[in-house]
Amino acid sequence: MAIIEGEPLALPSGTPDDRPNPLGVFARPHNATGFKDWLTTVDHKKIGIMYGAAAMFFLILGGVSALLIRIQLATPNNTFLSADAYNQVFTMHGTIMVFLVVMPIGAAFANFLMPLQVGARDVAFPRINAFSFWVFLFGGLMLNTSWFLGGGADGGWFNYAPNNGIAYSPSSGIDFWNIGLLIAGIGSLTGAINLITTVLNMRAPGMSFMKMPVFVWMTLVTQFLLLFAIPVLTVAQVLLMLDRQFDSNFFNVEQGADPLLWQHLFWIFGHPEVYLMILPAFGIVSEIIPTFSRKPIFGYPFMVFSGVAIGFMGWGVWAHHMFVSGLGPLSVSAFSVATMFIAVPTGVKILNWLATMWGGKLTLNTAMLFSIGLVTQFTIGGLSGVSHAIAPSDTQQTDTYYIVAHFHYVLFGGALFGFVAGMYFWWPKAFGYKLGEKLGKWNFWGMVIGFNLTFGPMHILGLQGMPRRMQTYDDAMGLNLWNFVASVGSFILGVATLLVLVNAYLSSRKWKAAGRPDVGPDPWDGRTIEWSIQSPAPNHNFDVDPVVTSLDDFWHRKYAEDESGKIRRVATGAQLAQPGNGEGVHLPASSYWPIVLAASFPIIGYGIMFTLWLTIPGGLLLVLGLYGWSLEPADDLDLPHDHDDHADLAGVGASHD
Amino acid sequence: MFTWGPKYLFGVSISALIGAVVYGLVTGGDPIGVVSLGYKGGVGDHLGYVMLIAAFVSAQVLCWIMVATRDGDAEVLAQRVGAGAVPPVQAPADPSYWGVVTAFGVAAVVVGLALSSLFFYLGLAVLMVAALMWLLLAWSDRASGDPEVNRVVRDRVAGPFEVPLLSLLAFAVVAIAFSRVFLAASKTGATVAGGIATVIIFGGAVLASRISLKPALMRSVVVLLGVVVLAAGIVGAAAGERDFHHGEEHGDSHSIDEGEGE
Amino acid sequence: MSDTAISENAHDTAHDHDAHDHPQEKQYWVIFAILAVLTAVEVAWSYLGLTGPALVLPLIVMMLAKFFLVAGVFMHLYFDLKMLNGKYFTWAFAGAVVLAVIVYLVVFATFHFRFAYFG
Amino acid sequence: MTKFARPTVWRRRRGPATLVQDMNASLTAARGRRGVPSAAFALVALLTLSACAEDKPLNTFEPRGPQAQMIDNLMTRIWVIMAIVFVLVVGGGIALAIKGRVKAEDFDYEDLPYQRHGNDKLEIGWTIAPAVLLAIICIPTVATIWKLEERNEPQELDVMVIGRQWWWEYRYDVDGDGFFQDANGDGVVDDKDIEWPLELALDNDDLSIANELVIPTGEQIDLVITSGDVIHSFWIPRLNGKRDAVPGRIHTWSLEADEPGKYNGWCTEYCGLSHARMRMSTIALSPADFETWYANQMLQAELPEAPAEGEVASPEWAGRQTFEQVCASCHVVDTPGFEYAENFVAPLTAKAAPNLTHFATRSVMAGAIFSQYSEDPTGRLIDADDDSFDVSNYLGLADEGRFNDAQLRRWISDAPSQKAMAAEDQRGMPAFPQLTDEDLTNLVAYLATLD
Amino acid sequence: MTDVTVDQVVDHHDDHGGGHASSLGLSNMKLAFWLFLGSECLLFGALISSYLLSKTRFITEIIAGNPNVVSTMPAELIQEFQEKGSVEPMFDIPFTSLSSFVLLMSSLSMVLAHSAIVKGDQRNTRLWLGTTAMLGSIFIGGQIYEFTAFYREGLTFTNNLFGSAFFTLTGFHGIHVTGGIIMLLSLLFLSFQGKLNSSRAETVELVGLYWHFVDVVWVLIFTIVYLIP
Ligand code: HEA
Ligand code: HEA
Ligand code: CUA
Ligand SMILES: [Cu+2]
């Protein structure tokens, strides 16, 4: 970071006073279409979509590993996976799902949606935004190359010391885990800075804090959590790297080190992490439920402040993952109580969503169903969360399948359901057509049934004493039935999850076959200003900056009270929407350098792991990236500056699907 | 898109690489060593091999810079500047001193071969830098007919390297010089030396900010200061480190050999 | 009902600030003098041969004083926070600082507790 | 609701038959009284109770000692509260969705529902209500946390539990000096007094056994838990919750069993390759039996009789010879007249292998995954439940004929094929391809004498 | 800085009327920089915690006489550690006090540089930038000296917990200072090339923020590591 933030200061280009740069050294790329455009784009919408696509890719990886787990556990004493393979599979499953699926989907929505919702043309630092994505992607890919280079990490997703040390895990799997996530973390950090700056500084005129959509608020909280949580993980990982690669002693018990240091560092990061996985989903359903209940969100200030409160409280509860690590009763009591009280702000949210639905006229389409799915299933996960926040009962439950059930209910039943809801909801804004409702219903019910069939029984398994991370179990333990049920469920769930992608594919085909009919700017009678522009969102977002006068601004423009005090529709969304004419709008040009710069990190990473020689080309590439970055002119000089030339750009958004 | 410059340089670099490999093999290098830059296995005759690899690297770097800058094509540049016409190419206005530096580098390498590897590597570094800068200068000199423009061209390309690297160099020289002085002095001596240096620098700055010195005088003072620091550093380095053993008061020494720690 | 809790006009706050709010050079010198004195006292204190809280507490207090002086004046935090919508950011900032301190104390309580309850 | 309370007589496990009746009763009662919510409530009841319906050796719902009972009592209340919230919120959500739904085509844009923005009183209400509820739960929670930390005076029987990859070592402080190693210290166990790394010193006055912890009933046994390599977690669900075994740290925990029996457990902190095969069991013996067991364990193992001149050596004797050559670099059998190297440390990352002095008095081996007495040819622990509990096994009275030697042979000749281990990295027992069939027979014969 | 901020984009747009002002009245760059520093706080917080824990454990083991630990350093040092019950005998407080003082002083010269550039006073901007960089270099020179001295006395990065933790924490800080110095000197070079006029006062301010931050971290390290060993 220091390099990125610091270095360019020293460089003589790109300053407002010597722009436009007369020498055009390192001209910017200017392809508006094709894959090269995707590689060089700095458009927040495309970057958001790429985050989403990458997450889907990793979801399949994580999902396949989940299914491997379930196959292995379907029957007792199964030998489908060896102990070693099993350990790698569940570690990589957890790691992929958390860091490479849920976090990037959150980033996808934040990137795609947040600038639209605050009425901005792009994020504050578009090139850094692209860099964040690429560095995340390369970190994630590097992590997954471990499968082919000596095996994946085998320490569990929280990788406790000293089991993560070179003595106990001599293969390079954990190095991949460590360095891959370190790299991905750089992306999260730069992304957080970028997005927070955008929310704080680039809101449309009139959009005060209390007029921001709930999703924007949740993005803000999430990114603050990231901003502060990532460095703590970074420190843990750096210490581990120093231990593994450079023989230091941070987790060397023989030298008197305390392995709990790792646990504290990891969970100080880890707990804020779980909230930063759920809050974007909370934000999403806070947009969907009011829209399809045809009512404003119930208790907006409470929604906002409970989100902020969760963000704050999330920092004070990490040791609930360590109730049996031997902290001593005082700490355990303190953390137990603190954890229980997180149920309060979360409960406010749940109940406010219910109250929003109460008395509404509900349109139960797929997006809404998934949202309701989140509300109910997250509650189940939250309640089991509270049951192990009670420390004594956690001594029975921790590290059993009861915990596995808890976190899949909050992560899959909560976060992922919310994200799928969001995909159905904003798909038209991104791609210009709706996802099929019929398949959507199948999608939803398949997922609900598969999900509960998979993870519901895990509550029972856990309470019957099945510890987690078990490669196998014995016949005599009485665990056969529910394990088998869970395995069956997981396949239903897998197929149902795939339907999201199938639906996207089929709907797009149908749409194209029908000659790409216009879905209209406002297909759902939406409430926030992203619905006031064409679908798919034009490259330049807003023709003119929107001026916001109230919460749910767009809705208030469509509806007004008549003389009798009755609320009537005064205009449709299509009537009010901006026509999507980008004339006179100047957009930041694409750039090669984010991806070049990002590519240097994994090379350095491999160098640290295998041979320090490799860090030299990696370092050179890094320097080259920074060099190119700093030399790049602020604008693409090849794009003529006359204002009428930008109409072609506006069409770009529509050309992908 | 690819003008003759990069193509030419690319050719040069590839020949240098092939040359390096062949040379390495011929002079007894290990095949793996030769292709892995000596990571595993020997590379044969070091000097020649390294020179050829250095040529390869610098040609590559320049090649890609030229690709990116479209070979500094004067027409393109002029178009961008909005100038109507391209001034005719002129002979470079200033004599280039990179030749001297290169000669110095070669000398250092030769001396280094005979005396110490430090000189050898220093010489190599100088050679690399000189080669790069010289080529860059030559290239920018034919960018346009206007030496002023040419200088700007050069600066734009070199600046992002030059400025931070020079900064790093300046910083490293000062910091290392100070550390040598401290290391040579006694424990108390180090503190005193540091204190004096601080007082001089900060006091000087305060003075300078209050009174108005002639720029020339200022410059000489700064240069003088630099020379003093450098000289002190060299003297310190030459004096060597003091004896380290814990707690200077107790006589019995317990210094640990360098190797032992690792 | 909801829009009044915190309202702030995004446009009004944008104003040029460099010139007037910031402290003048003289203040910088004063702050520096205070910092220097604090450092001197700190070092002297560490030579008194005290142990336990008598050593640690005053040092921590002085350390924090230095910390906030640098952050507040040299880094213009006091002025910048005031210039932003003062109340909101100041509270958020203060909240974060308090939280950080608590978290910190708790970690250390945790690590040292082991010695106390054993036996 | 009373269905959730634990039966007051908890010492006896409830048979499946009564449970099914209970469940049926609760279901019908629920259906009759409160419709949907009660049905959901009953569903939870069903799921919860179904946990007890079969033999589940690790079930967390079957407390068999005061600590586990304490936890269970606390949990019972929590389940009730959770069930209520569950029914209200999930049921409410579904009900609202069903009630409020309007087909998208039927929706009339001119006829919006009432646009309520919120209701401060309501919202404050449902902020405060859960808070109060939780505050109430906090009280017994915190009380239980502290109660679980209550320990005996240090003089009583203390056992040190050491997690190893991938088995458990138990050391009894026989001489009561507060140490588990040698007798030259004083005072209680404190971080400072534990010598690290914990090595198996042989001039040991104390007792070291593996995999099976034996305790007397009716008495709180204090455990001192640590680890020799990575973090493990000690857990006997029916006696108490778990506590991590962290290398370099000493944690305490207590166990108490009300009745003699076998209480199984499983290492619950992920500890590497064979985490899944690191189980444990605790044997509670009546105080009198415990004394017998203890006295027996304190004896050194006898040496097999040496063959007289010209006689053919007995298999036991031959096995003993092989043992000394091959196995004694890691395993200890404390026998008279045999000198081990001072400060014997096994060449393992864990620094120790199971002490085999009284190997034949244990009913399980190798991280409690195989049963010595199993009739199953695979040796798997098919009799994990207390029904198999046979006191005589532990008192050195076992009928030798029952010894499952097929499994033991497989183990000795190629342990890594029986249990995932990384012997090449000094974690776990290596394979011994060089041992002949005869060697194996001899070794098994010798091991069978170790009672 | 060189990133194409949307501010610039908006600049363009402003020509045609309308467009965003920054909602908070801070530039994006400055806001982002503050956020970055906030995140750095956590980085150093975690590093300092790790140091404190490791050092405490080290001393505990030394006092307990753990042979694995005791054998990692010269007996004489160990003995002093044991006597004092702390790692204090390792440190050279007078010298480190001087270093800390130097760093504080450099903070002053940094603000002076900033106020000079705000006033458009090129000469003093250069003077103070140079002074700041010079003082920073003395600090780093001191750190090189200290590291070498420790190394010679028998404390290395790999030999025990204290060594690992000490070198990691102070090394991280040292790298930050080095980065700061390079930025300062680069500014100085730019100033000589005439590319640093008052319109770039914010650049100087940002480098200044970074510099003060690094100073503030040292304020913490000095007290926590050196004065309260
Ligand atoms: C999206 C992620 C997410 C979320 C939101 C949560 C939310 C919560 N989690 Fe969870 N948790 C995880 C992800 C998450 N968790 C993961 C991944 C792990 C395992 C890590 C690992 O070990 O691998 C874990 C583990 C975990 C543990 C450690 C278990 C163990 O290992 O022993 C604990 C213990 O306290 C806990 C508690 C909680 C609590 C109290 C909440 C609360 O926030 C829940 C609050 C919500 C509700 C309570 C429901 C709604 C409330 C009402 C309707 C109001 C009325 C309610 C009451 C009065 C009770 N979680
Ligand atoms: C967001 C996070 C997330 C998600 C979505 C999931 C999804 C799933 N998880 Fe995951 N899980 C974790 C996070 C997550 N998990 C974490 C953090 C751990 C802890 C790891 C650790 O202990 O270190 C864990 C651990 C974990 C375990 C415990 C392992 C153990 O302790 O030994 C199990 C066991 O069943 C499991 C199962 C599943 C299943 C069946 C799914 C399913 O929902 C997956 C469904 C999705 C798909 C299947 C993908 C889509 C379809 C295809 C890929 C096509 C192929 C499909 C067919 C042909 C049918 N998970
Ligand atoms: Cu031992 Cu898991
Ligand atoms: Cu948590």
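Comparing E:Val102, E:Asp92, E:Leu135, E:Leu112 by heavy-atom pairs within less than 4.5 Å of chain B, the highest count is held by E:Asp92. Contact count versus chain B (heavy atoms, under 4.5 Å) is highest, among E:Leu184, E:Thr178, E:Leu98, E:Leu155, for E:Leu98. Interface summary for chain B: among E:Ile181, E:Ile138, E:Thr132, E:Asn124, the most heavy-atom pairs under 4.5 angstrom belong to E:Ile138.
Interface remark: E:Ala133 contributes no atoms to any contact with chain B (heavy atom separation under 4.5 Å). Contact of B:Leu165 with chain E is not made at all, since no heavy-atom distance falls under 4.5 Å.
In this structure, B:Leu225 CG and E:Met134 CE are separated by 5.0 Å, a value rounded to the nearest 0.5 Å. Interatomic distance, B:Ile201 CD1 to E:Ser106 OG, rounded to the nearest 0.5 Å: 11.5 Å. Taking CG from E:Leu185 and CG from B:Leu169, the interatomic distance works out to 10.5 Å, rounded to the nearest 0.5 Å. The line from OG of B:Ser167 to CE of E:Met183 is 11.0 Å long, rounded to the nearest 0.5 Å.
Pairs of residues two or more places apart, or lying in two chains, never qualify as salt bridge (Lys or Arg N to Asp or Glu O under 4.0 Å) while including a residue from residues 140-150 of chain E.
Taking the ring-ring contact (aromatic ring centres under 6.0 Å, His included) definition, one finds that E:Phe189 meets it with nothing, sequence neighbours left out. Applying the side chain to side chain contact (heavy atoms under 4.5 Å, CB included) test to E:Ser86 and every residue at least two apart in sequence or in another chain returns E:Lys84, E:Glu88, E:Pro89, E:Pro229.
Using cut-offs of 30° and 60° for the angle between ring planes, the E:Trp128 and B:Phe202 rings count as tilted.
Interface with chain E: from residues 170-181 of chain B, residues B:Ala170, B:Phe171, B:Val174, B:Ala175, B:Ile176, B:Phe178, B:Ser179, B:Arg180 qualify, criterion being any non-hydrogen pair under 4.5 Å.
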